[in-house]
Amino acid sequence: MTVPALLEELRRRNVEVRADGGQLRCAAPVGVLTPDLRDQLRARKAEILRFLQAAGEIVHQQRAIVPLQPHGSRTPLFAIPGHNGDVFCYRALAQHLGSDQPLFGLQPPGVDGQAEPLRSVEALAAYFASQVRGFMPNGPYGIAGYCAGGAIAFELALQLQRAGATVDFVALFASPHPSWYGPVPQLRYRLEQQVDRVRTHARALRSESGSGRIEYIAAKLRARAARRAAPREIVSDPVMAARARIEAATIAAVRRYKPGFLRGRLALLLPTREWLRAGNALLQWRSAATDTVTYCGPDGCPVDQMLREPYVGASAELVRRCVDEAVPTGRAHPVGALLGSAAP
């Protein structure tokens, strides 16, 4: 029985095992610690202490590494969230990927309001790289990014490669190329959004009667007033204020970023096949790597819903395909190797 399995069995028996300096301390209900179990703990004391020490170092990592699903035999995925820094955008994906796919979120500084956000993609990537390498010095890793976080994920992979670590692939979820955040593309995008809104309102008004049109207009005016009041609410809420600072700093950083060239696999995960049309900002990444592959989600998936129900299950299947196609078969589990010295 491995050390993790032994500790899990003890936990089910309400046995608490902890390391206290160089000693192994146990606490259990009367009669649970049988002579045979005591002998087993004594015989494996050194192994258990090494495991607990290694596990404690992982738990006390800086806040950047958030273990959304730390177990499994597949290449671990380190995932950077969108511009608001919320790593829990990957929580549903971790659940759908299952118990054999490790997934760690990478949270940028400043989310908790205790530090100022970093203001360049290179600085954010360096911050994450130092902690990822502290957790797994040489990889191999899978690196992922969502929306604006895609640029940071890409730069993180470049920095890890330059440090000599192995990056199996970079997966970008609905991540526009940084050039899309420039003034002209953003103006075009806003104009397209405005035209779409006008068309939507026109269709809705045509389908309503006279009183229905009045109520529709009134509801839209109320929604507009609520949106205008939102900035005042953000200022009064420290959590929302910290998130707003992260958003502004991240978007400004990505707008300035000029991607390098990735020598490896870059996977573009698109909401639907409709996004394969020429000129799409997500496809501009194709020239940024030696090997670029594209995976498309289900028809009708909105671009901002890839990591949410009911579409996240399909996105999880894309990730599993990405890992299967990028990772050599038969390779040992790297996270398991990290604690290998503590387990037989």
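Below, each value reflects all heavy atoms present in this structure, side chains not excepted, and no hydrogens, waters or symmetry copies.
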For Glu122, the side-chain hydrogen bond (donor to acceptor under 3.5 Å, both in side chains) test, sequence neighbours excluded, returns none
- Is the side chain of Thr166 donor-acceptor paired with the backbone N or O of Pro140 at a distance under 3.5 Å, no angle test? no
Across all chains, not counting sequence neighbours, the side-chain hydrogen bond (donor to acceptor under 3.5 Å, both in side chains) partners of Arg91 are none
### Query
Is Tyr257 reaching over with its side chain to a backbone N or O of Ser179, donor-acceptor style, under 3.5 angstrom?
no
The reported gap from CG in Leu77 to OH in Tyr90 (rounded to nearest 0.5 angstrom) is 8.0 Å
- What about Phe104 and Phe135, are their ring centers closer than 6.0 Å? yes
Contacts satisfying salt bridge (charged side-chain N to carboxylate O under 4.0 Å, His left out) that involve residues 134-160 (not counting sequence neighbours) are Glu155-Arg162
request  = Start with the C-alpha gap between Asp324 and Arg321, add the side-chain angles, then the distance that decides, and say whether salt bridge (charged side-chain N to carboxylate O under 4.0 Å, His left out) holds.
outcome  = CA-CA 5 Å; Asp324 289 340; Arg321 282 178 52 198; over 6 Å; no
Contacts satisfying side chain to side chain donor-acceptor pair (under 3.5 Å) that involve residues 285-294 (not counting sequence neighbours) are Arg265-Asp291
Taken in chain and number order and not counting sequence neighbours, the residues that satisfy side-chain hydrogen bond (donor to acceptor under 3.5 Å, both in side chains) with Arg320 are Asp100
Gln69 meets the side-chain hydrogen bond (donor to acceptor under 3.5 Å, both in side chains) criterion, sequence neighbours left out, with none
Ala126 meets the side-chain contact (heavy atoms from CB on, under 4.5 Å) criterion, sequence neighbours left out, with Gln159
Glu116 meets the side-chain contact (heavy atoms from CB on, under 4.5 Å) criterion, sequence neighbours left out, with Arg119
Original post:
Can any side-chain N or O of Tyr141 pair as donor or acceptor with the backbone N or O of Met136 at less than 3.5 Å?
Top reply: yes
Test the Arg273-Trp275 pair against the cation-pi criterion, namely NZ or CZ under 6.0 angstrom from the six-membered ring centroid and within 45° of the ring axis.
no
Is there a donor-acceptor pair closer than 3.5 Å between any side-chain N or O of Gln101 and the backbone N or O of Thr75? yes
Just distance, no hydrogens or angles: give the donor-acceptor pairs under 3.5 Å from side chains in residues 299-319, sequence neighbours left out.
from: Glu309; atom 1: OE2; to: His96; atom 2: NE2; distance (Å): 2.7
from: Tyr311; atom 1: OH; to: Gly300; atom 2: O; distance (Å): 3.3
from: Ser315; atom 1: OG; to: Met306; atom 2: O; distance (Å): 2.7

Would you tabulate the side-chain donor-acceptor contacts of residues 23-36 under 3.5 Å, counting partners in other chains and residues two or more places apart, or write 'none'?
from: Arg25; atom 1: NE; to: Asp20; atom 2: OD2; distance (Å): 3.4
from: Thr34; atom 1: OG1; to: Leu37; atom 2: N; distance (Å): 3.2

Val254 meets the side-chain contact (heavy atoms from CB on, under 4.5 Å) criterion, sequence neighbours left out, with Val121, Ala148, Ala151, Pro178, Tyr181, Thr250
Salt bridge (charged side-chain N to carboxylate O under 4.0 Å, His left out) pairs touching residues 126-139, sequence neighbours excluded, are none
